[in-house]
Protein chains: 2
Amino acid sequence: MNIGEAANASGVSAKMIRYYESVGLIPYPHRTHSGYRVYRQEDVHVLRFIRRARDLGFPVEQIRELLALWQDRSRASSEVKGIARRQVEELNARIVQLVAMRDTLRHLVEHCSGDDRPSCPILDDLADAAHDSHEQGII
Amino acid sequence: MNIGEAANASGVSAKMIRYYESVGLIPYPHRTHSGYRVYRQEDVHVLRFIRRARDLGFPVEQIRELLALWQDRSRASSEVKGIARRQVEELNARIVQLVAMRDTLRHLVEHCSGDDRPSCPILDDLADAAHDSHEQGII
DNA sequence: GCTAGACCTTCCCACCGTTGTAAGGTCAAG
DNA sequence: CTTGACCTTACAACGGTGGGAAGGTCTAGC
């Protein structure tokens, strides 16, 4: 199987397959005499695993851990659960942050007349240092 | 005022002040005879504006628009409202995506025993191509 | 056997916003 | 005059992905 076919079969672009190889997430594959990478069905399985984990927001380094655990037949599920729980917490932190941003902004939008007049609470708020949100940890 | 003082007063790092200058978000400041950048209170005000907008998740290019509108005394608030509304929509899209990820993962975590046994639905799910979530648009 | 086009290879660049680091100049206090 | 805290520019790195150039290879059709 060519890299292009593996890409189609896995949903991971050829570009990214080479990248994952370069960072050691997947092993160097066999090559044809002319240097083409050759993949087996099993490799596609691994690529799908990676793809799905990326879809779930796992960073590459955590996928590396998950792959190692996946391929370790004697692993304890508690290790995997720990990584996943960490990831849930990280996702949650980002969600909380984004929701706070969105709500602040939505509030401002709702109080802006949005007509031809220049008066605008959105800009007023951005300009008004009295909020000092950056010292209160909104970021 | 030095760049360091302006950084302290605005909450924007000296590094980022130079960066914003380099991408044309803020103008070239005056310099001392020895080449040090000199800032006025007004510049700090602009930097705070940028900082707060970044805190609200605005990308630099949108901040450029907002700054232009802020400094345009005859602008219509509807323009500002439009930009802010766009940003609310973008934040919302990212939130929806992250929440979907988190909930999927949390569901998996809840169904993982997390003990010494190797059986683990989290890895099973990642390995199981039957979900094919990437073809159903979870990403 | 030749050619066209669809693949493959490696290598480098860009994105975005931020931080780090290195090599050098400058200022103020002791 | 030295020390240390500042400043300057310039370059690299991060993470993950896409784009493209320059060249090799395979396959189908003639």
Side-chain angles (χ1 to χ4, degrees), chain A residues 1-26 28-39 43 47 49-67 86-87 90-91 94 97-98 101 134 138-139, chain B residues 1-26 28-39 43 47 49-67 87 90-91 93-94 97-98 101 134 138-139:
Chain A
M1 199 180 339
N2 274 344
I3 196 171
E5 293 166 312
N8 276 340
S10 67
V12 179
S13 73
K15 213 83 173 163
M16 291 313 299
I17 294 177
R18 294 193 195 97
Y19 171 73
Y20 292 145
E21 179 189 320
S22 78
V23 297
L25 201 60
I26 55 180
Y28 289 98
H30 291 274
R31 303 271 189 146
T32 65
H33 64 288
S34 58
Y36 282 24
R37 288 170 179 82
V38 176
Y39 297 94
D43 301 315
L47 288 171
F49 182 102
I50 294 172
R51 167 71 200 244
R52 176 125 176 91
R54 291 288 305 140
D55 286 357
L56 286 172
F58 283 98
V60 167
E61 285 316 303
Q62 285 191 22
I63 296 177
R64 196 189 302 277
E65 300 174 46
L66 288 171
L67 271 174
R86 246 195 291 146
Q87 175 61 9
E90 275 171 34
L91 287 173
R94 286 162 62 193
Q97 193 183 32
L98 287 177
M101 289 181 197
H134 59 85
I138 279 196
I139 248 202
Chain B
M1 196 178 346
N2 273 344
I3 196 171
E5 293 166 312
N8 277 340
S10 66
V12 179
S13 74
K15 212 84 172 156
M16 292 313 299
I17 295 176
R18 294 193 195 97
Y19 171 73
Y20 292 144
E21 178 189 322
S22 78
V23 297
L25 202 58
I26 55 180
Y28 289 98
H30 291 272
R31 304 271 188 144
T32 66
H33 63 291
S34 58
Y36 283 23
R37 287 171 179 80
V38 176
Y39 296 93
D43 301 315
L47 287 171
F49 182 101
I50 294 172
R51 168 72 200 246
R52 177 126 176 90
R54 290 289 304 142
D55 286 358
L56 286 172
F58 283 99
V60 167
E61 284 317 303
Q62 284 191 22
I63 296 178
R64 196 189 302 277
E65 299 175 46
L66 288 171
L67 271 175
Q87 175 62 7
E90 275 171 33
L91 288 173
R94 284 162 64 193
Q97 192 182 33
L98 287 177
M101 290 181 197
H134 58 86
I138 277 196
I139 251 207

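Lettering follows sequence order; numbering is per chain, from 1.
Whole-Å rounding puts the A/Ile63 CD1 to D/dT17 P distance at 8 Å. Rounded to whole angstrom, the span from the CG atom of A/Leu25 across to the C1' atom of D/dT17 amounts to 15 Å. Residue A/Tyr39 contributes atom OH, which lies 12 Å from atom C1' of C/dT9 at whole-angstrom precision. Between the CD1 atom of A/Ile50 and the P atom of D/dG16 there is a distance of 12 Å, rounded to whole Å. The CD1 atom of B/Ile17 sits 17 Å away from the P atom of C/dG17 (whole-angstrom rounding). Between the CZ atom of B/Arg51 and the P atom of C/dG17 there is a distance of 15 Å, given to the nearest Å. C/dC8 atom P lies 9 Å from atom CG of A/Asn8, rounded to whole Å. D/dG16 atom P lies 17 Å from atom CD of A/Glu21, rounded to whole Å.
Note that CZ of B/Phe58 and CG of B/Leu91 are 8.0 Å apart. Values are rounded to the nearest 0.5 Å. The line from CZ of B/Arg54 to CE of B/Met16 is 7.0 Å long, rounded to the nearest 0.5 Å. Considering OG of A/Ser10 and CZ of A/Phe49, their distance stands at 14.0 Å, rounded to 0.5 Å. Remark: B/Ile50 CD1 to B/Leu66 CG distance equals 10.5 Å, nearest 0.5 Å.
Few gaps surround CZ on B/Arg64; more than 12 heavy atoms of other groups in view lie less than 6.0 Å from it.
In the set C/dG17, D/dG16, C/dC8, the nucleotide with an atom closest to the side chain of A/Arg18 is C/dC8. With C/dG17, C/dC27, D/dT25 as the choices, the nucleotide that has an atom nearest any side-chain atom of B/His33 turns out to be C/dC27. When the nucleotides C/dG17, D/dT17, D/dC7 are ranked by their closest atom to the side chain of B/Met16, C/dG17 comes out on top. Among the nucleotides C/dC7, D/dA10, C/dG25, the one closest to any side-chain atom of B/Lys15 is D/dA10. Out of D/dT8, D/dT17, C/dC8, the shortest distance to the side chain of B/Arg31 is found at D/dT8. You'll find that the side chain of B/Tyr36 is closest to D/dC6, out of D/dC6, C/dT18, C/dC8. Checking C/dT18, D/dG15, C/dC27 against every side-chain atom of B/Tyr19, the shortest atom distance belongs to C/dT18.
Residue A/Ser34 places at least one side-chain N or O closer than 4.0 Å to OP1 or OP2 of D/dC26. Residue B/Arg37 places none of its side-chain N or O atoms closer than 4.0 Å to OP1 or OP2 of D/dC7. Dashed line: the shortest gap from a side-chain N or O of A/Tyr20 to OP1 or OP2 of D/dT17 is under 4.0 Å.
Within the nucleic acid shown, A/Thr32 has no heavy atom closer than 4.0 Å to any nucleic acid atom.
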